Protein chains: 2
Amino acid sequence: MIISKTCDHAIRAALYVALHEDRAYVTIREISEHLGLSFHFLTKILQALTQKGIMTSFKGPNGGVSLARPAQSISIKEIVVAIDGEALFSGCMLGLDTCNDDHPCPLHQQWANLRDQLETLFTQTTLAYLADRIRREGLRLANFEAVSLVS
Amino acid sequence: MIISKTCDHAIRAALYVALHEDRAYVTIREISEHLGLSFHFLTKILQALTQKGIMTSFKGPNGGVSLARPAQSISIKEIVVAIDGEALFSGCMLGLDTCNDDHPCPLHQQWANLRDQLETLFTQTTLAYLADRIRREGLRLANFEAVSLVS
DNA sequence: TATATTTAAGATATAAGAGTCTTATTTCTT
DNA sequence: AAGAAATAAGACTCTTATATCTTAAATATA
């Protein structure tokens with residue numbers, strides 16, 4: 001797949017938190033249960049997002065995680081870069097590390113074009129936009145019915 | 001990266017063979033040396049392409065591999081599917097296996113659009129087209145100078 | 001102050017991808 | 001017929017991604 005499993009977990013968790021922006025903190029336990037993800041694994045993933053300044057966390061009772069900034073200002077790209085790195089938006093499709101505009105591989109130009117579109121999409125797509133659509137259209141964030149998510 | 005390392009090796013090797021379509025067979029040893037890939041690893045990869053009917057092989061002296069069909073009729077997509085499977089062209093960006101048009105994830109539509117473009121690109125891009133551009137424009141297939149390839 | 005609740009951190013385990021090595025098997029050449 | 005040259009096949013190793021488990025640290029509440 002185009003992003004790692006770790007990264008898709010991160011995006012889905014961030015969306016879950018964005019859907020509950022009204023609450024000060026959401027526990028990782030709750031997120032993991034609603035999304036069907038391993039609690040411990042999700043903890044590590046969200047630690048990374050916290051270290052990258054995308055989320056903030058708070059220990060102890062009533063603690064949990066929350067978005068470090070308004071959902072409107074956090075793009076999907078930020079999360080992808082935080083977890084998977086820049087490679088998706090800069091790498092050569094054939095994995096050649098000396099491939100560049102001056103010495104391109106045969107797929108360089110075509111891939112660069114698509115990659116730019118992907119980057120634009122990821123940059124423009126914010127957590128707020130997606131959360132809004134999830135609310136309005138009841139889109140799914142997990143492999144089970146959407147209803148259970150917004151509760 | 002968007003395709004596996006195995007898959008990019010496969011594409012590059014197929015292009016090398018396409019560049020030498022005049023020869024009955026090209027040895028895997030020669031391909032591996034010109035592309036800077038492990039001989040044994042490449043052998044396994046090309047075995048897969050042979051089993052999928054994309055290449056043919058011949059044992060013994062003067063043996064090697066060659067394209068099973070004219071380079072014009074082999075698309076990059078065929079190779080990607082042979083090695084990495086259909087996932088890239090059908091999977092959900094968030095990895096949800098129940099995501100579909102009726103019950104989409106929040107990124108479903110946008111990703112479907114880009115994915116279709118990717119599929120079109122990969123379907124329309126043939127080994128012949130790329131080999132032609134490599135010849136004319138001296139594009140690179142390896143992490144070293146293009147010249148050494150066409151020899 | 002003690003206890004429960006929560007994230008942080010690090011060690012460990014499992015699975016998959018990537019890569020290597022050895023031994024067939026086929027075919028050509030002498 | 002023998003030996004050399006090539007791919008085929010399978011076992012094996014190494015690395016990275018994924019996942020789990022345990023202990024520590026912080027905070028609230030009784």
Side-chain angles (χ1 to χ4, degrees), chain A residues 1-14 16-17 23-33 35-68 80 82-85 87-88 94-95, chain B residues 1-14 17 20 23-33 35-68 80 82-85 87-88 94-95:
Chain A
M1 198 35 48
I2 195 168
I3 57 177
S4 70
K5 224 165 175 177
T6 303
C7 189
D8 88 50
H9 290 0
I11 293 173
R12 288 163 61 203
Y16 186 90
V17 175
R23 291 158 57 183
Y25 291 102
V26 182
T27 68
I28 298 177
R29 175 74 59 188
E30 174 183 337
I31 303 171
S32 72
E33 281 168 0
L35 298 184
L37 304 176
S38 142
F39 165 73
H40 283 109
F41 190 29
L42 189 55
T43 294
K44 292 195 71 167
I45 296 170
L46 295 186
Q47 268 173 39
L49 291 188
T50 299
Q51 285 160 356
K52 298 279 181 174
I54 294 172
M55 291 201 177
T56 52
S57 65
F58 199 79
K59 291 178 183 173
N62 309 319
V65 295
S66 69
L67 300 180
V80 172
I83 303 291
D84 284 351
L88 180 59
L94 294 181
Chain B
M1 198 35 49
I2 196 167
I3 58 176
S4 70
K5 224 165 175 177
T6 303
C7 189
D8 87 51
H9 291 0
I11 293 174
R12 289 163 60 203
V17 176
H20 298 273
R23 292 159 55 184
Y25 291 103
V26 181
T27 68
I28 299 177
R29 175 74 59 188
E30 175 183 337
I31 304 171
S32 72
E33 281 168 1
L35 297 185
L37 303 176
S38 143
F39 166 72
H40 287 293
F41 190 28
L42 189 56
T43 293
K44 291 192 66 169
I45 297 170
L46 295 187
Q47 269 174 38
L49 291 188
T50 299
Q51 284 161 357
K52 298 279 182 176
I54 294 172
M55 291 200 174
T56 51
S57 65
F58 200 79
K59 291 179 184 174
N62 309 319
V65 295
S66 68
L67 300 180
V80 172
I83 302 293
D84 285 350
L88 180 59
L94 295 181

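Not measured: the values here are computed from a predicted model. Chain A is the first sequence line, chain B the second, and so forth, proteins listed ahead of strands; every chain is numbered from 1.
Between Val80(B) and Cys7(B), the closest heavy-atom pair is CA-SG, 3.6 Å. Closest of all the heavy-atom pairs between Tyr16(A) and Ile31(A) is CD2-CG1, 3.7 Å.
Taking side-chain N and O atoms only, Lys44(A) has no distance below 4.0 Å to OP1 or OP2 of dG10(C). Within the 4.0 Å cut-off from OP1 or OP2 of dT18(D), at least one side-chain nitrogen or oxygen of Thr6(A) is found. The phosphate of dA8(C) (OP1 or OP2) has no side-chain N or O of Gln51(A) nearer than 4.0 angstrom. Proximity of Ser38(A) to the phosphate of dA19(D): no side-chain N or O atom is located under 4.0 Å from OP1 or OP2. Applying the 4.0 Å criterion to OP1 and OP2 of dG10(C), one finds that Gln47(A) has every side-chain N and O outside that range. For His9(B) and dA18(C), the shortest distance from a side-chain N or O to OP1 or OP2 is not below 4.0 Å. Listed pair Ser57(B) / dT7(D) fails the phosphate criterion, with no side-chain N or O lying under 4.0 Å from OP1 or OP2.
Between Pro61(A) and Phe41(A), it is Phe41(A) whose nearest contact on DNA chain D lies nearer the 5' terminus.
Ile28(B) comes within 4.0 angstrom of the backbone, heavy atoms only, and of no base. Among the protein residues, Tyr25(B) comes within range of no part of the nucleic acid, since none of its heavy atoms lies under 4.0 Å from any strand.
Distance alone, capped at 3.5 Å, is enough to place a donor-acceptor pair between the Asp84(B) side chain and the Ser4(B) backbone.
Among the nucleotides dC28(C), dA28(D), dC21(D), the one closest to any side-chain atom of Phe58(A) is dA28(D). Which of dA8(D), dT20(D), dG19(C) sits closest to the side chain of Thr50(B) comes down to dA8(D).
Contact of the Ile45(A) side chain with the Leu37(A) side chain is not registered, since no non-hydrogen atoms from C-beta on lie closer than 4.5 Å.
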